Amino acid sequence: MADEKESGYVQDLAKGRLQQARDDLKSAQLNFSAGLLKAANNRAYYAIFHAVAAVLSLENVAFKRHKDTIAYFNKNYVRTEVFPRKIGRMISEAQEIRHASDYDVFYIAVKSDTEEQIEAAEEIIHLVEEHLEKRCE
């Protein structure tokens, strides 16, 4: 009985994190529309991060640091080709652009780069949705 409860808990947690990813994506799109490119980069990255966290939720795995979460995901899901290899590069680029957007005072956000970040978030969320549907049936 405890296994069923835990299974329901991790599935609910995964769904909640996926919803957070969708909300972050919506925020990225709204910021982009308003011309707030750095804020859009931030939200696109967090959409990706929360989508990745949703996948790890099914294993009941969580880390304090983002880099540990992403490293675990890359090792266990990208390298093993559960998710396409290009996802690892997309995550890495989103991480770099988010960091520059948030902390580099000389960073100038470019519309085309921000569009790519939002598209990457959309693609990753879509792939995670498919993955969760298969795993949570």
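Just so you know, these numbers use all the heavy atoms, side chains as well, and skip hydrogens, waters and symmetry mates. Numbers here are sequence positions counted from 1. Values in this document were obtained by computation on a predicted structure and should not be read as measured data.
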Is any side-chain heavy atom of Y46 closer than 4.5 Å to a side-chain heavy atom of L25? no

Heavy atoms only: give me the nearest I48-A121 pair and the separation to one decimal. CG1-CA, 3.6 Å

When clusters are formed by joining ILVMFWY residues with side-chain heavy atoms under 4.5 Å apart, either directly or through shared neighbours, do V82 and I124 land in the same one? yes

Is a side-chain donor or acceptor of S27 paired with a backbone partner of D23 at a separation under 3.5 angstrom? no

Is there side-chain contact between F73 and I91, with heavy atoms separated by less than 4.5 Å? yes

May I ask you to test the F32-K111 pair for a side-chain heavy-atom distance under 4.5 Å? yes

Expected output: side-chain K38 to main-chain Y107 donor-acceptor under 3.5 Å: yes

To the nearest 0.5 Å, what is the distance between NZ (K67) and CG (N74)? 13.5 Å

Heavy-atom pair with the smallest gap, counting every atom of A44 and A28: N-CB, 3.6 Å

Look at the side-chain heavy atoms of Ile, Leu, Val, Met, Phe, Trp and Tyr, link any pair under 4.5 Å apart, and say whether V110 and L36 land in one connected group. no

Salt bridge between D102 and R98, side-chain N to carboxylate O under 4.0 Å? yes

Would you say H126 and E130 are linked by a side-chain donor-acceptor pair, where the criterion is simply a distance under 3.5 Å? yes

Taking all non-hydrogen atoms of both residues into account, name the closest pair between A21 and I125 and its distance. O-CD1, 3.6 Å

Evaluation steps, side-chain contact (heavy atoms from CB on, under 4.5 Å), between L132 and V128: CA-CA 6 Å; L132 294 182; V128 167; 4.0 Å; yes

Kindly determine whether L56 and F63 satisfy side-chain contact (heavy atoms from CB on, under 4.5 Å), including the steps that lead there. CA-CA 10 Å; L56 301 190; F63 299 93; 4.3 Å; yes

Is it true that E96 and Y45 share a donor-acceptor pair across their side chains at a distance under 3.5 Å? no

Exercise: do N41 and T114 side chains pair donor with acceptor under 3.5 Å: yes

Quick one, H50 and Q19 - any side-chain contact, counting heavy atoms below 4.5 Å? no

Contact summary for I118 and Q29, nearest pair of heavy atoms: CG2-CG, 4.0 Å

Under a 4.5 Å cut-off applied to non-hydrogen side-chain atoms, are I70 and S92 in contact? no

Can you name the closest pair of heavy atoms from N60 and Y9 and give their distance? OD1-CE2, 4.2 Å

When you compare the side chain of R22 with that of K26, does any pair of heavy atoms fall below 4.5 Å? no

Between L18 and A54 the two heavy atoms that sit nearest each other are N-CB, 3.8 Å

Just do the side chain to side chain donor-acceptor pair (under 3.5 Å) check on Q117 and D113 with the steps written out, would you? CA-CA 6 Å; Q117 295 312 299; D113 290 344; over 6 Å; no

Rounded to the nearest 0.5 Å, the SG atom of C136 sits from the NZ atom of K15 at a distance of 6.0 Å

Any Q95 side-chain heavy atom under 4.5 Å of F49 side chain: no

May I ask you to test the E93-M90 pair for a side-chain heavy-atom distance under 4.5 Å? no

Salt-bridge contact R85-E81 (side-chain N to carboxylate O under 4.0 Å): yes

